[in-house]
Amino acid sequence: MRRECFDYLNKHLSLSTLQKSESDGEIIMALWNELYSELEDFDECGGGDYHRENDLIEQLDERIKKLQNSSAEEKVRRGLLEEVMPFIISSNAGFDDQLYELAEATCSSDEDWRNQAQMLEGIHQNWPTRQAREIYQKLGDRAKYLELRHTQMKYGDDYHDLATFYWDEGNREQALAIAEEGMKKGEGRMDGLRSFLSDRAIEDGNREKYLALQFEQATQYLSLDTYNSFKNICSVEEWSAFEPKIVELLDKPSSRGYLKIRMHREEYEEVLAILLKRIYPVNGGESGDELTVAKELEQRFPEQILTYYLSGLRNLNSNASRNEYANRTEVVVKVRRMLVDVIKDESRWKFFAGKIKGDNIRRPAFQEEFGKVIAGWGEL
C-alpha cells in the first residue's frame with residue numbers, strides 16, 4: 001500500500017528534486033521488499049517452482065529497469081546493494097544474472113562502482129572477483145585490475161584478457177609475451193589467444209605462423225564450417241601441405257562429428273563404413289550428423305542404409321513404454337520410406353509391417369502409437 005501511495009502521488013503531484021529522490025527511494029525499497037521473502041525461500045532451497053521462478057525473473061527485471069531510471073539517493077542505493085549482496089554471495093537462489101544486474105543498477109557514480117568492486121572482491125570467489133576486476137578496469141584503476149588479474153591465470157581466456165590489456169596500453173612486448181605464455185600454459189578454449197596472435201602474425205607478415213595458428217583454431221573443434229574456413233585462407237600449395245593432416249584427424253575413432261566433412265569430400269564409402277559400424281542412435285529423431293548423412297546416402301546405398309535403420313528397432317517383441325514405442329515409430333517410418341519410395345518394393349514393406357504388427361497384436365499401446373504415425377497401419 002505504501003508503494004502504491006507513492007506511485008499515485010508521483011503521478012498527481014509536482015515534487016521538488018529532494019521529494020522526488022526520497023519518493024523514488026521509498027518505491028525502490030518497497031518493490032525490493034515485496035520480493036525479499038520469496039528470494040529467501042529460493043535461496044534456502046536452492047531453487048523453486050519453475051513457473052514461479054519465471055515470474056520472479058520478470059519481477060526482478062522490472063525492478064532493475066525501475067532502479068536504472070530512478071533518482072533514489074545514494075544511501076538508498078547502498079542500502080539496497082547491502083541487501084542484494086548476501087544472495088550474490090550464496091549464489092543459491094538461481095537468479096545470479098538478475099542479482100548482478102540489480103547490483104550494477106545501484107551504481108550512479110565512480111564511488112558507487114568502487115564500493116561494489118570492494119564488496120565483490122571481499123567474497124573471495126572466482127566469479128565475483130572477475131566482476132570486481134572488470135569494474136576496476138572500467139574505473140581505470142590499473143593497479144587493482146592487475147592485482148586481481150594475476151590471481152586468476154589458468155585458462156586461455158585469462159591470458160587473452162591480460163594480453164589485450166597490455167596491447168591496448170601500447171605495451172606490445174608484454175602483450176605478446178603473455179599471449180605466448182598462455183599458448184603454453186592456458187587451459188580450456190584458446191580461440192581468443194589464437195585470434196590475437198594470428199592478427200599479430202598478419203601485421204608482422206609471418207604467413208607460416210599465421211597458418212599454423214589458424215590450423216590449430218580450425219581443428220580444435222573440427223567441423224565442416226571450420227574445415228571450409230581454413231581451406232579458403234590457404235593457397236593451393238598451402239592446402240596440399242595441410243590437407244593430409246586434416247585427413248588423419250578424420251580417421252580417428254571419434255570421427256562422428258566429421259561425417260559432414262567426409263560427405264563434402266565425396267568420401268561416400270568411408271561414411272557408409274562408419275555408419276554400419278554403429279547402430280541407429282536411441283531417440284534419434286531427425287537431428288544429428290549421423291541421421292543427416294544417412295538420409296543423403298539413401299539413394300546411393302539403399303540396402304545398406306536400410307540395414308542401418310533396422311538396427312534402431314532393437315527388440316520389437318518386448319514390452320516398453322509409450323515413449324519407447326513412439327521412438328520406434330520414427331525408425332519404422334524411415335524403413336517404410338526406404339522400401340516403398342527408394343527401393344520401390346511395397347510388397348516387402350507390407351510383409352515387414354504385417355509381421356511386426358502381428359507379433360505385437362496384444363500390445364494396445366504399441367498399436368496406437370504406430371497407428372498415429374505410419375500410413376495405412378490399420379489396413380495391414
Side-chain angles (χ1 to χ4, degrees), residues 222-225 227-228 246-247 249-380:
L222 186 59
S223 67
L224 181 57
D225 287 340
Y227 172 92
N228 283 329
I246 292 181
V247 172
L249 292 175
L250 299 182
D251 290 332
K252 290 185 175 181
S254 59
S255 61
R256 179 176 303 213
Y258 305 153
L259 290 174
K260 285 188 176 181
I261 297 176
R262 288 196 176 278
M263 290 292 290
H264 178 73
R265 292 170 57 85
E266 300 183 357
E267 297 174 353
Y268 304 123
E269 292 186 358
E270 288 86 346
V271 174
L272 179 65
I274 293 171
L275 288 180
L276 294 180
K277 288 178 182 177
R278 300 169 178 159
I279 60 173
Y280 187 97
V282 177
N283 301 326
E286 291 290 345
S287 61
D289 287 355
E290 278 198 31
L291 299 185
T292 300
V293 300
K295 188 170 184 178
E296 292 176 12
L297 293 175
E298 287 178 356
Q299 296 288 342
R300 194 178 294 271
F301 305 108
E303 290 293 343
Q304 293 93 327
I305 295 300
L306 174 61
T307 299
Y308 171 71
Y309 288 154
L310 288 171
S311 70
L313 293 178
R314 294 165 175 83
N315 184 8
L316 275 176
N317 297 328
S318 60
N319 291 325
S321 66
R322 279 187 177 270
N323 284 339
E324 178 61 23
Y325 290 146
N327 290 335
R328 292 176 184 178
T329 62
E330 296 177 1
V331 181
V332 175
V333 166
K334 291 181 173 66
V335 172
R336 182 186 186 280
R337 182 177 71 237
M338 291 301 302
L339 291 172
V340 176
D341 301 330
V342 179
I343 298 175
K344 309 291 186 186
D345 192 343
E346 190 166 355
S347 62
R348 191 172 162 190
W349 156 249
K350 289 181 177 179
F351 177 81
F352 168 81
K355 186 175 188 310
I356 61 173
K357 181 179 182 180
D359 291 343
N360 293 275
I361 197 65
R362 296 184 182 277
R363 295 189 176 97
F366 179 100
Q367 302 294 339
E368 289 174 15
E369 293 300 323
F370 274 60
K372 290 177 187 176
V373 178
I374 299 170
W377 184 257
E379 289 74 42
L380 291 170

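Every heavy atom of this structure was used, including side-chain atoms; hydrogens, water molecules and symmetry mates were not.
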Asker: Between atom CD of Gln299 and atom CD1 of Ile343, what is the distance when rounded to the nearest 0.5 Å?
Answerer: 10.0 Å
Asker: Run the salt-bridge test on Arg262 and Glu270 with the 4.0 Å N-O cut-off and return the result as yes or no.
Answerer: no
Asker: Can you tell me how far the CG atom of Leu276 sits from the OG1 atom of Thr307, to the nearest 0.5 Å?
Answerer: 7.0 Å
Asker: Would you call Glu298-Arg337 a salt bridge at under 4.0 Å N-O?
Answerer: yes
Asker: With salt bridge (Lys or Arg N to Asp or Glu O under 4.0 Å) as the criterion, how do Arg328 and Glu324 come out once you've worked through the C-alpha distance, each side chain's angles and the decisive distance to 0.1 Å?
Answerer: CA-CA 6 Å; Arg328 292 176 184 178; Glu324 178 61 23; 3.0 Å; yes
Asker: So which atom in Tyr258 and which in Leu222 form the shortest heavy-atom distance, rounded to 0.1 Å?
Answerer: CE2-O, 3.2 Å
Asker: What pair of heavy atoms forms the shortest contact from Tyr308 to Tyr280, and how long is it?
Answerer: O-CB, 3.7 Å
Asker: Taking side chain as C-beta onward, heavy atoms only, is Phe352 less than 4.5 Å from Leu310?
Answerer: yes
Asker: To the nearest 0.5 Å, what is the distance between CG (Leu313) and CD1 (Ile356)?
Answerer: 6.5 Å
Asker: Keeping the roles fixed (side chain from Arg336, backbone from Trp349), state whether a donor-acceptor pair exists under 3.5 Å.
Answerer: no
Asker: Only one of Lys260, Arg265, His264 clears side-chain hydrogen bond (donor to acceptor under 3.5 Å, both in side chains) with Tyr227; which?
Answerer: Arg265
Asker: Taking 4.0 angstrom as the limit, do Glu303 and Arg348 come out as a salt bridge?
Answerer: yes
Asker: Do the side chains of Lys334 and Glu330 get close enough for a salt bridge, i.e. N-O under 4.0 angstrom?
Answerer: no
Asker: Give, for atom CG of Leu291 and atom NZ of Lys295, the distance between the pair rounded to the nearest 0.5 Å.
Answerer: 10.5 Å
Asker: Going by the rule side-chain contact (heavy atoms from CB on, under 4.5 Å), which residues pair with Tyr268 if we only count those two or more places apart in sequence or in a different chain?
Answerer: Met263, Glu266, Leu297, Arg300, Phe301
Asker: Below 30° counts as parallel, above 60° as perpendicular, anything between as tilted: where do the rings of Tyr325 and Phe366 land?
Answerer: perpendicular
Asker: Should Val373 and Val332 count as side-chain neighbours, where that means a heavy-atom distance under 4.5 Å?
Answerer: no
Asker: Do you know the tightest heavy-atom contact between Asp345 and Ser347?
Answerer: OD1-OG, 2.8 Å
Asker: Could you tell me which non-hydrogen atom of Pro302 sits nearest to which non-hydrogen atom of Met338, and how far apart they are?
Answerer: O-CE, 3.3 Å
Asker: I need the minimum non-hydrogen distance between Ile305 and Ala294, along with the two atoms involved.
Answerer: CG2-O, 3.8 Å
Asker: Kindly compute the distance separating CG (Asn228) from CD1 (Ile261), expressed to the nearest 0.5 Å.
Answerer: 8.0 Å
Asker: To the nearest 0.5 Å, what is the distance between CD (Glu368) and OG1 (Thr329)?
Answerer: 13.0 Å
Asker: Closer than 3.5 angstrom, by distance alone: can the side chain of Glu290 be matched with the main-chain N or O of Pro281 as a donor-acceptor pair?
Answerer: no
Asker: How about NZ on Lys357, more than 12 heavy atoms from neighbouring residues, nucleotides or ligands closer than 6.0 Å, or not?
Answerer: yes
